[in-house]
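The next block holds one structure in the form of structure tokens; read it before the comments.
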Amino acid sequence: MNPGDTQRRPWIVGVSGASGTPYAAAVLRALLGAGESVDLVVSRASRLTLLDETGISFRDAHWRDDLRQWLARGADGKPDTFDVPDESLADVRYWAAGDLAAGPSSGSYATKGMLIVPASTACVAGVALGLSKDLLQRSASVTLKEGRRLVVCVRETPLNGQTLKHLVSLDEAGANVLPASPAFYAGATHIQDLVDFVAGRVLDTADVPHSLYRRWKGQLGSASGEG
């Protein structure tokens, strides 16, 4: 489906400057694998984090090539861990963070909702206070005012009182606050398993089907093979 198609209803994925770019990559791969359309907003701060964590420079003019390289990288930093064919990126639309005239800045632009992965404390504060200082924050504010699903995957520790208040404000406004807290009951044996668990919980909250982690079935010892 072409980005201009009136039937297209994407998920907006906002990537803020918090550490945790592998979480964003896992969510994006799973969304595309589920056949979902994606509108991508990468904040200016997140570009520095992405460069630091992966060595990848995310450039507006070459965003598709840079995105493909990013999504192909495993959480352990190994390149070409995942196959990312050209057709898998066919329904991704990228919006520059400074483009406040972009589609997602308006409530009349149809979307399924927005996933902020990872969400920094600065991003949390901006969205909670309605600052709309860039397209990421503006898109989140629009998502809330339109009553659409907003998942905020906050990645920071420890959390101070002010940030906790901001998170409560987002919860009261209708957002789903989802800390990037990996669990171990799914039998993780690799860093990618821990990343995929968090990404899977984000997608669970958005009601997007996936197979990123093994679900709890009520049987003790199942993760270790003892059950």
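Quick note: numbers below take in every heavy atom, side chains included, and nothing from hydrogens, waters or symmetry partners. Computed from a prediction, not measured in an experiment: that's the story for all the values here.
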Side-chain donor/acceptor of [X] to backbone N/O of [Y], under 3.5 Å:
| X | Y | answer |
| --- | --- | --- |
| H210 | A30 | no |
| E53 | G20 | yes |
| S169 | K165 | yes |
| D193 | T189 | yes |
| T143 | G113 | no |
| R29 | F82 | no |
| E146 | V142 | no |
| S37 | R8 | no |
| T81 | R73 | no |
| Q192 | A75 | yes |

Beyond-backbone contact of [X] with [Y], side-chain heavy atoms, under 4.5 angstrom:
| X | Y | result |
| --- | --- | --- |
| V13 | V41 | no |
| R9 | T111 | no |
| V208 | E36 | yes |
| L40 | F58 | yes |
| R155 | Y23 | yes |
| L159 | L167 | yes |
| P118 | C153 | no |
| L71 | R68 | no |

Decide if atom CZ of R64 counts as having more than 12 heavy atoms of other residues, nucleotides or ligands within a radius under 6.0 Å.
yes

Whether over 12 other heavy atoms sit under 6.0 Å from K133 NZ
no

Quick one: [atom1] on [X] to [atom2] on [Y], what's the gap to the nearest 0.5 Å?
| X | Y | atom1 | atom2 | value |
| --- | --- | --- | --- | --- |
| N176 | L170 | CG | CG | 10.5 Å |
| S181 | L194 | OG | CG | 11.5 Å |
| L32 | S88 | CG | OG | 6.0 Å |
| D134 | S16 | CG | OG | 9.5 Å |
| D65 | L89 | CG | CG | 9.5 Å |
| L28 | L67 | CG | CG | 6.5 Å |

Show the nearest heavy-atom pair for residues [X] and [Y], with the distance to one decimal.
| X | Y | result |
| --- | --- | --- |
| G200 | L212 | N-CD1, 3.7 Å |
| C123 | L136 | SG-CD2, 3.6 Å |
| D171 | V177 | N-CG2, 4.3 Å |
| S57 | L51 | OG-CD1, 3.6 Å |
| D196 | Y213 | O-CD2, 4.3 Å |
| V195 | P22 | CG1-O, 3.4 Å |

CA sep, side-chain torsions, deciding dist, call: N160, T163, side chain to side chain donor-acceptor pair (under 3.5 Å):
CA-CA 6 Å; N160 63 33; T163 297; 3.1 Å; yes

Test W63 against V92 for side chain to side chain contact (heavy atoms under 4.5 Å, CB included), laying out the working first.
CA-CA 11 Å; W63 69 267; V92 178; 3.8 Å; yes

Using a strict 4.0 Å threshold on nitrogen-to-oxygen distance, state whether R93 and D39 make a salt bridge.
no

Can a salt bridge be assigned to the pair D66 and R47 using a cut-off of 4.0 Å between side-chain N and carboxylate O?
no

Hey, do the aromatic rings of Y185 and F197 have their centres closer than 6.0 Å?
yes

Do L164 and V154 sit in one hydrophobic cluster, given that two such residues count as connected whenever their side-chain heavy atoms are within less than 4.5 Å of each other, even indirectly?
yes

Same cluster for V168 and V151 if Ile/Leu/Val/Met/Phe/Trp/Tyr side chains link at under 4.5 Å?
no

Given L178 and V117, is the side chain to side chain contact (heavy atoms under 4.5 Å, CB included) satisfied, shown in steps?
CA-CA 10 Å; L178 193 154; V117 187; over 6 Å; no

Apply side chain to side chain donor-acceptor pair (under 3.5 Å) to residues D99 and Y94 and explain how you reach the verdict.
CA-CA 11 Å; D99 185 4; Y94 170 72; over 6 Å; no

